[in-house]
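Some notes on the structure that comes next.
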Amino acid sequence: MKILKNIFIIFCAMFMMQSCIVSEKPNMAYFSDSGRDFKGAKFASINVPMFLAKPIIRRALKEDGDSKEVMRLVKKVSKIKVLTVENGDRTMLKEFANYLNDNNYEEWATIKHEGDNVNVRVKQKGEAIKNMLLTVNSDKELVFVDIRGSFTADDISRMINFAKDK
């Protein structure tokens with residue numbers, strides 16, 4: 001019976017971990033559904049399970065001595081998707097920005113950090129912010145982080161101010 005129990009636990013763990021597998025297919029609608037040819041761009045995507053990510057993020061924030069305010073924001077996150085694009089070009093980024101504008105994303109901030117541009121966009125419905133998209137544009141690659149949760153405008157402003165203070 002103990003062997004059967006262990007096999008069941010291993011099977012359940014493998015089933016839950018399948019979302020951690022890095023894929024070469026984009027996990028964001030614009031890149032996967034647009035039908036465009038992205039001319040040699042290489043995609044790597046991962047859906048991050050929150051039951052794994054939250055403890056790691058909290059531990060890292062405690063080690064860095066960061067405030068409890070940031071830890072409070074992490075609790076509000078329900079889903080994270082990460083997409084990296086190698087050999088992406090400015091045209092791709094501009095078309096993606098137009099796509100976001102057409103889909104009711106508002107640009108809230110652009111932060112320049114060590115030669116990289118970090119763009120923060122949110123999708124707001126009433127007072128609630130359910131979706132935040134971070135775009136990191138460096139010379140070598142593009143990184144898109146799609147964060148879903150239940151945030152307020154004050155939460156996002158605090159996060160932006162915290163990032164600027166670093």
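Just so we're clear, the structure is a prediction, and the values are computed from it rather than from any experiment.
- Proximity of a side-chain donor or acceptor of E95 to a complementary backbone N or O of A97 within less than 3.5 Å is not detected.
- Atom CD of E106 and atom CG of L100 lie 12.0 Å apart (nearest 0.5 Å).
- Closest heavy-atom contact between N119 and E107: ND2-OE2, 2.8 Å.
- At least one side-chain heavy atom of F96 sits under 4.5 Å from a side-chain heavy atom of L133.
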> Taking it one step at a time, do T152 and E127 satisfy side chain to side chain contact (heavy atoms under 4.5 Å, CB included)?
Replying inline: CA-CA 7 Å; T152 64; E127 294 296 315; over 6 Å; no
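- Between F144 atom CZ and F43 atom CZ the span is 8.0 Å, to the nearest 0.5 Å.
- Interatomic distance, D116 CG to N137 CG, rounded to the nearest 0.5 Å: 8.0 Å.
- How far CD1 of I129 is from CD1 of I147: 12.0 Å, rounded to the nearest 0.5 Å.
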> Does the side chain to side chain contact (heavy atoms under 4.5 Å, CB included) test come out yes or no for L142 and T135, once each step is laid out?
Replying inline: CA-CA 7 Å; L142 302 170; T135 305; 5.5 Å; no
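- Atom CG of N131 and atom CD of Q124 lie 12.0 Å apart (nearest 0.5 Å).
- For the atom pair R121 CZ and T110 OG1, the distance stands at 7.5 Å (nearest 0.5 Å).
- When all heavy atoms of V122 and M132 are compared, the pair lying nearest together is CG1-CG, 4.1 Å.
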